[in-house]
Chemist: 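Handing you a structure now.
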Amino acid sequence: MEHLVNPKVKSIEISGIRKFFNMVSDTKDMISLTIGQPDFSTSTHVKEAAKLAIDEDYTSYTHNAGDLKLRAAATNFVKEKYQLDYDESTEVIVTSGASEAIDITLRTILDENCEVILPGPVYPGYEPIIRLCGATPVYADITKNQFKMTASVILPLINENTRAIILPYPSNPTGVSLSKGEIEEIAHLIRGKDIFIVADEIYSELSFDSQHFSIGSILKEQTIVINGLSKSHAMTGWRIGLLFAPEKIAKHILKVHQYNVTCASSISQMAALQALTKGIDDALPMKEEYKKRRDYVFQRLKAMNLEVVKPNGAFYFFVKIPSKQISSFDFCLQLVKQSGVAVVPGSAFSSYGEGYFRLSFAYSMTTLEEGLNRLASFLEKQ
């Protein structure tokens, strides 16, 4: 019966990140620097709020868009942090993680034969959805621009078929973000055109060297902002994403969300309410620790004479492989087999990631030190 499966589904594959991790996960004594997941625990007060929700039988469906108290807390959070201005009753949707927010956004705004501009390299979660919608991904090569998706990179790719621009910052896999000036240039370029900006700002609370500046604060009418609590509050498994959009767009996205999941978990929503109110600054101590790790890893990588751009957000390094004679997949496979340390092949992040590997520093200093020691020994033997 497989021949009856939707050809568009057949043509996509599981994430290269997971594919590689699953391939090497049973390696004995392996140090993994692969997964982009905080190594911190969800705050105790957030967990207690979830327990209370269960005890008080808050276990039924909520409003499709999410509990109104949570939506109000979300609008207050982004107003205080990023000067975003949204109406909690009509312009916010609580989703089952930022991944669902990406899915329902693209399924709402895309149709056959339109194009979506996105950076290359990029997180692998966008292209499959774009293709399932019948649209075409158009990659902007950012490898020669310090991994920055700027207006000058975007401009040559815009045409009459361009429907949306994916703007993930800080970026997975590079950790690179955009300055206020760079965002303003993009807004100036796009303003008034029939083009959406899909701003994936899931790492906004993990901006190390300057305050995150959201394009939604200056181009609200064309922007859909995607955020969530997975990275900022170490709540990956709680699956709470947040989508902000003008009412005229949000009301249509809500229909897709409704038929997709009905609503996000009511228990997770109460945990999220606590995270966005009492825990509004829970990300700060984690950010400081990540910054220390970033500086340590950067110093170690430079000492190995590896070519790398210092990230100013998230928890990733995107590192140039020193040899052009080997693919990123084969390099990473050799690294696992010979040294017992795993990183992600750059090819998992589109063809523009070939020749690189992604290293996550969302691990303890002890793990990072041992992993980098093994990487250094491996490179010395090459």
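Quantities reported herein were computed from a predicted structural model and do not represent experimental measurements.
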Chemist: Do Glu288 and Lys291 meet the salt-bridge criterion of a basic N to acidic O distance under 4.0 Å?
Modeler: no

Chemist: Out of the candidates Val319, Val343, Asn172, only one should pair with Arg358 under the side chain to side chain contact (heavy atoms under 4.5 Å, CB included) rule; please name it.
Modeler: Asn172

Chemist: State whether the number of non-hydrogen atoms from other residues, nucleotides or ligands found under 6.0 Å of Lys10 atom NZ is greater than 12.
Modeler: yes

Chemist: Would you check if there is a donor-acceptor pair between the side chains of Tyr139 and Glu127 at a distance under 3.5 Å?
Modeler: yes

Chemist: Taking atom types as modelled, is there a side-chain donor on Tyr82 or Glu205 under 3.5 Å from an acceptor on the other?
Modeler: yes

Chemist: Can you check side-chain contact (heavy atoms from CB on, under 4.5 Å) on Tyr126 and Ile102, steps first, answer last?
Modeler: CA-CA 7 Å; Tyr126 309 111; Ile102 294 167; 3.6 Å; yes

Chemist: Do Arg191 and Glu221 meet the salt-bridge criterion of a basic N to acidic O distance under 4.0 Å?
Modeler: yes

Chemist: Decide whether Gln382 and Ser323 meet the rule of one side-chain donor and one side-chain acceptor closer than 3.5 Å.
Modeler: no

Chemist: Judged by modelled atom types alone, do Asp200 and Tyr123 share a side-chain donor-acceptor pair under 3.5 Å?
Modeler: no

Chemist: Run the salt-bridge test on Glu289 and Arg293 with the 4.0 Å N-O cut-off and return the result as yes or no.
Modeler: yes

Chemist: Do Glu115 and Leu157 have side chains that approach each other closer than 4.5 Å (heavy atoms only, starting at C-beta)?
Modeler: no

Chemist: I'd like to know if the side chain of Arg163 and the backbone of Ile109 have a donor-acceptor N/O pair within less than 3.5 Å.
Modeler: yes

Chemist: Any ion pair linking Asp103 and Arg107 (charged N to carboxylate O, less than 4.0 Å)?
Modeler: yes

Chemist: Please determine, by modelled atom types, if Arg294 and Asn312 share a side-chain donor-acceptor pair under 3.5 angstrom.
Modeler: no

Chemist: When you check the side-chain N and O atoms of Ser328 and Glu354, is any donor under 3.5 Å from an acceptor?
Modeler: yes

Chemist: Are any of the side-chain nitrogens in Lys81 or Asp281 under 4.0 Å away from the carboxylate oxygens of its partner?
Modeler: yes

Chemist: Evaluate the side-chain proximity of Leu106 to Phe196: yes if any heavy-atom separation is below 4.5 Å, no if none is.
Modeler: no

Chemist: Ignoring hydrogens and geometry beyond distance, is a side-chain donor-acceptor pair present between Asp57 and Thr59 at under 3.5 Å?
Modeler: no

Chemist: Does Thr367 reach the side chain of Leu33, with side-chain heavy atoms less than 4.5 Å apart?
Modeler: yes

Chemist: Where the side chain of His233 meets the backbone of Gly279, is there a donor-acceptor pair that is under 3.5 Å apart?
Modeler: yes

Chemist: Side chains of Thr366 and Ser364: any donor to acceptor distance under 3.5 Å?
Modeler: no

Chemist: For Phe244, does the six-membered ring have the charged nitrogen or CZ of Lys220 within the cation-pi criterion, i.e. under 6.0 angstrom from the centroid and within 45° of the normal?
Modeler: no

